[in-house]
Engineer: 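Before I ask anything, let me first share the structure, which is written out below as structure tokens.
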Amino acid sequence: MPSEIEQRELLWQARWKEAGLARAHAVPGRPKHFQIFAYPGASGFLHLGHMRGYTYADLVARFHRMAGEQVFFPAGIHASGLPAVVFANRVARRDPDVLDGLRERGVPDAEVPHLEDPERAARFLGQTYWKIWERFGLLLDPEAYLLTTDPDYQRFIRWQFLRLQERGLLVQKPHYAPFCPRSGPVSVDSSETDIARGGDAEIITYVAVPFPLEDGRTLLAATLRPETVYGVTNLWVAPDSTLKEWHHEGRRYLTSATAVRKFLDQVGGTEGPPVPASTLLGREVTIPLAGGRVPILASPVVDPELGTGVVMSVPAHAPADWVAAQDLGPIEGGPLQAGARVLLDLPADRLSPSERKLLGGDGPPAARSIRALGVHSLDDRDRLQEATERVYRAEFAHGIMTVPPWEGLTVPQAREKVTDLLLREHGGFQLREFSEPVICRCGETVIIRRVPHQWFLAYGNPGWKGEAREALSRMRLDPPEYAQEMSGILDWYDDRPCVRQGRWLGTPFPLDESWIIEPIADSTLYPAYYVVRRYVQRGLLTLEQLTPAFFDFVFLGLGPGEPTVPQALQAEIRRDFLYWYPLDLNLGGKEHKRVHFPVFIFNHAALFPPELRPRSILIHWWLTSTKGEKISKKDVKGGAVPPVDQALQDWGADGLRVYFALGATTFQDAEWDPEAAAHAAARAQTVLKDLLGMLATPPPPSAPAPGELDTWLLTRMAGMVRRSREAYERYDFRAAAEIGFVEIPQVLDRYRIRGGRSASTLRQAGAVWVRLIAPITPHLAEEAYAQTGQGLVAEAPFPREDELPSDPRSLLKEALLEGLEEDLTSLRKGWKGTPSGLRVFVAAPWKYRLETWLASRPNPSPAPRGALLKELLQDPEFASHRAEVPRYLDLILPGGRPGIQTLPELSPAEELTILRQAHDYVGHRLGGLAVEVVLEEEGAARDPQGRRARARPGRPALYLWSDPESGSGKRVPSDSSSR
RNA sequence: GCUGGCGUAGCCAAGUCUGGCCAAAGGCGACAGACUCAAGAUCUGUUCUCGCAGGAGUUCCCAGGUUCAAAUCCUGGCGCCAGCACCA
């Protein structure tokens with residue numbers, strides 16, 4: 001049952017539909033605005049958090065429409081990838097949450113099994129998204145709506161990939177990816193997708209360093225610090241463990257059984273016989289790169305499940321190895337210590353104080369850290385662990401290699417070179433493993449598998465990077481800091497896998513149909529396709545006509561086009577594309593900073609010429625739960641955030657839109673606050689009521705002639721118009737909403753309190769006001785604007801400043817009164833009686849001269865009070881006020897120091913006139929007492945406390961008194977402010 | 001660790017780029033008043049401390065610095081959040 005607010009909003013949405021407002025029309029010669037938001041994945045039901053960005057997007061589109069531009073604002077659903085599959089799986093499992101969601105959306109039970117199909121699930125979810133967008137008042141072009149699983153879209157994607165390939169931007173090379181032996185390729189991330197456990201696991205890449213035995217077999221020792229191979233004194237193995245042979249390209253390697261399985265997955269080869277570690281103890285291996293022979297020794301702390309079960313011992317740099325070497329009594333003083341070679345320098349001046357403390361003293365870094373932390377045995381695991389981490393970190397950050405041939409290199413540089421050398425020339429391998437066990441949803445343990453011929457998008461390609469950077473240099477990014485960040489992101493970008501096998505949705509890869517294009521890669525150039533989609537939707541193009549030749553012609557202007565498409569139509573589509581392109585704005589949440597937006601720029605840069613590359617990106621922050629976290633299903637289920645339907649029913653789309661706009665600045669997370677939302681919604685309704693009143697009644701013929709107050713109001717409004725336009729232009733939705741929903745009501749309040757009641761002035765102000773807020777609250781703006789009989793406000797022109805008469809001096813005059821009221825308020829605070837009269841003293845003319853004189857000096861005046869005084873008293877006029885001038889200087893120079901002086905803006909006579917005209921009003925504000933306005937120098941005025949001396953230009957002195965005869969003075973008021 | 005962002009009153013959140021009009025907008029909450037049988041809603045006032053005269057004192061994470069003047073600029077520190085690759 002729709003609430004009253006909803007019914008009214010639905011009415012206006014129907015009107016917009018009738019008027020075809022959302023449909024884009026290319027009008028040659030007229031300015032255009034083409035914008036999208038990053039389309040959502042088909043992952044589940046939308047919640048309020050999503051609506052913040054959509055609201056912003058619609059606000060921008062509506063502002064541009066009112067600014068006189070042709071607007072194209074399409075939207076689609078990113079159905080590719082896993083989310084829809086996961087959703088469909090949940091339907092198949094009859095997940096109660098999902099079933100509830102379906103029921104709430106009116107899905108009959110009989111329909112539910114159909115949604116076990118991911119594609120249909122995506123289509124269904126897309127419909128629910130579209131409904132909510134419409135319900136929020138978004139004017140999205142219905143003809144351009146698409147899913148990325150639609151066959152026409154996929155033809156576009158295939159074209160895109162063919163062209164990328166043609167330009168050499170697709171490359172093939174090995175890749176290592178998470179893989180479930182039962183379910184196939186999986187992705188490891190902590191959100192609900194493929195993984196039952198270990199979603200936060202990271203892939204750690206070890207270097208397996210080969211150490212040949214004299215019998216032709218080779219031990220593989222896994223390490224994260226291959227550059228320390230020069231400091232190896234021995235190898236460690238767990239004495240009771242059993243290693244295994246692994247045969248690869250005719251060679252026999254020895255590693256743990258676990259590692260053999262990993263090598264089989266990641267490198268290939270075959271499994272050999274088991275080898276008890278005990279048979280290796282005491283035998284010698286050759287150190288690669290460094291040369292020399294070292295023994296294999298037993299260590300109880302080696303974990304055979306980690307790495308290869310064989311560990312390099314580098315006592316100089318690994319605290320555990322140092323301690324272990326000490327524990328081996330018989331060898332102490334022998335080869336281990338002799339070989340404990342220090343490989344790098346740690347310049348003391350680069351270390352932090354805590355690092356200096358850790359690494360002070362003599363000997364190798366590992367020995368120093370052991371000493372600093374007081375570690376005596378391998379059993380002291382925690383402190384040993386701490387020592388290890390801190391030494392590694394310090395060395396990684398500050399270490400300078402001293403071992404030939406790497407002298408002078410930093411540790412990261414040396415590591416890269418040593419790794420390269422080991423892999424290329426010494427038969428080393430890389431070994432990847434998860435930082436923690438990863439379990440697939442099916443229960444199987446996830447492994448890392450080598451994909452030998454993975455396709456990559458070559459974002460690491462320097463030429464492409466250059467183009468992308470060039471594109472970026474011409475773009476506007478908001479917030480502006482993001483431009484700087486983006487530049488770094490583009491640099492950091494490297495080749496990225498772009499296809500995958502397994503069960504997920506997407507476009508088959510045109511170069512090898514057994515692969516499916518990865519979801520991020522299929523959503524980079526798509527704004528271009530929205531243009532074409534409208535023709536498909538209208539039935540003017542068939543699927544078969546969407547050939548590479550067609551897209552070449554439409555998007556690139558190349559070739560004759562697709563012969564089966566009528567020439568005129570094809571030319572029209574090309575023209576249409578050139579009209580709308582480039583994209584003016586792509587808007588998305590901050591989660592898109594590092595993935596979607598960079599590849600969006602990259603792909604445009606790859607395929608489109610500079611003039612067709614995107615113009616701007618706007619990223620907005622999130623609506624978060626009360627815990628400051630991104631809103632999740634749990635928040636909705638737990639009642640922390642209301643479901644969208646409920647929120648719409650209670651507050652209306654406009655109410656929520658005001659809340660989103662007002663709740664926080666665009667570039668800051670906002671915590672969901674239901675009270676504030678309710679308030680925003682109430683504010684929206686108050687504004688509507690006010691507007692209706694202002695616009696409804698035509699001014700009566702006997703209306704009072706507009707006066708100074710009316711000029712003031714309209715001048716204020718003109719200022720609002722300018723600031724509002726600027727706010728929209730810089731996407732400061734908060735400022736725009738604040739003007740429309742806070743400041744204008746305040747100004748109108750004041751106008752009325754001051755006695756303004758000109759219907760024609762109010763009508764004039766209202767006609768501007770309603771258009772200022774129309775982008776934010778389109779529905780209620782329509783309702784109010786309907787009173788003017790001028791059609792739809794959505795199509796009305798955004799106000800211009802010069803629509804209103806404006807006089808800056810009217811602001812000065814009113815400001816004088818406002819200041820007076822402020823002073824009165826603070827006087828009343830300390831006043832315990834009921835005042836019966838107020839006398840206002842306008843400052844003496846010499847004070848105006850004095851302040852003018854001060855202001856005309858260099859600001860701030862360099863002269864101290866004494867010097868100023870001396871100079872002043874040379875002037876005969878000031879000299880004649882010899883007694884008052886010093887006191888006055890004390891009043892206006894805070895702390896006796898010169899500050900900034902501003903020119904008095906009104907003359908004493910003007911101030912007197914303004915205050916006298918307003919004295920009824922001021923008296924009324926004080927509860928109906930007598931107010932008298934006099935000049936400071938009027939000697940007759942009663943002023944027992946000498947208040948008049950305080951009078952300043954623009955700030956009259958006040959004497960508030962209670963008449964002792966009236967009997968009301970010094971009475972403590974009932975009890976209002978006495979607490 | 002790297003990259004980026006943030007730290008403002010009981011809470012949320014403006015202000016910081018472009019120093020002065022800032023004891024610091026707006027909202028929530030709280031307190032008081034009006035209305036009401038009452039509650040709610042609405043409206044009004046108050047909401048750092050002191051002060052029976054428009055003032056003074058102490059505040060914008062902490063410590064320094066620049067300046068006539070700092071929430072705002074600079075240096076250092078502390079704390080929090082996000083992203084870090086195939087996940088949209």
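Every chain is numbered from 1, with letters handed out A, B, ... down the list of sequences. Only heavy atoms go into these numbers, but all of them, side chains included; no hydrogens, no water, no symmetry mates.
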Engineer: Against the six-membered ring of A:Phe456, is A:Lys173 placed for a cation-pi contact (under 6.0 Å from the centre, within 45° of the normal)?
Structural biologist: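 The answer is yes, since A:Lys173 meets both limits relative to A:Phe456.
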Engineer: Across nucleotides 22-29 of chain B, 5' to 3', mark each nucleotide with B, S or - according to how protein heavy atoms within less than 4.0 Å reach it.
Structural biologist: ---BSSSS
Engineer: Looking at B:A14, B:A88, B:G54, which one has an atom nearest to any side-chain atom of A:Ala957?
Structural biologist: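 For the A:Ala957 side chain, the nearest candidate turns out to be B:G54.
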Engineer: Is a side-chain N or O of A:Thr524 found less than 3.5 angstrom from the main chain of A:Val599, in a donor-acceptor match?
Structural biologist: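 No, the answer is negative, given that no donor and acceptor are paired below the 3.5 Å cut-off.
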Engineer: Output the single nucleotide from B:A88, B:C86, B:A13 whose closest atom is nearest the side chain of A:Ile520.
Structural biologist: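 Nearest nucleotide to the side chain: B:A88.
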Engineer: Would you say A:Leu817 and A:Arg750 make side-chain contact, with heavy atoms under 4.5 Å?
Structural biologist: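 Counting from C-beta outward, A:Leu817 and A:Arg750 do come under 4.5 Å.
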Engineer: Counting only side-chain heavy atoms from C-beta out, which of B:A85, B:C86, B:A88 sits nearest to A:Trp492?
Structural biologist: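 Among the listed nucleotides, the one closest to the side chain of A:Trp492 is B:A85.
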Engineer: Just by distance, with hydrogens left out, do A:Arg496 and A:Tyr459 show a side-chain donor and acceptor under 3.5 Å apart?
Structural biologist: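 A:Tyr459 and A:Arg496 do not have a side-chain donor-acceptor pair below 3.5 Å.
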Engineer: Does A:Glu818, at its CD atom, have more than 12 non-hydrogen atoms belonging to other residues, nucleotides or ligands within less than 6.0 Å?
Structural biologist: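 Yes, because the 6.0 Å sphere around CD of A:Glu818 holds more than 12 heavy atoms from other groups.
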Engineer: So that I can tick it off, tell me whether A:Arg955 and A:Asp823 are bridged by a salt bridge, with the cut-off set at under 4.0 angstrom between side-chain N and carboxylate O.
Structural biologist: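 Judged by the 4.0 Å cut-off on N to carboxylate O distance, A:Asp823 and A:Arg955 do form a salt bridge.
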Engineer: Mind checking if A:Pro956 touches a base, just sugar-phosphate, or nothing, with heavy atoms under 4.0 Å?
Structural biologist: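 Contact class for A:Pro956: base.
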Engineer: Counting heavy atoms from C-beta on, name the nucleotide in B:C87, B:G55, B:A14 closest to the side chain of A:Arg955.
Structural biologist: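 The answer is B:G55.
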Engineer: Let me know the distance between NE2 of A:His592 and P of B:C86, rounded to the nearest Å.
Structural biologist: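 Going from A:His592 (NE2) to B:C86 (P), I get 18 Å.
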Engineer: Kindly point out which of B:C86, B:A14, B:G54 is positioned nearest to the side chain of A:Arg947?
Structural biologist: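 The answer is B:G54, which lies nearest to the side chain.
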Engineer: Please evaluate the base of B:G54 for a donor-acceptor partner in the side chain of A:Arg950 within a cut-off of under 3.5 Å?
Structural biologist: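 Side chain to base: pair found, below 3.5 Å.
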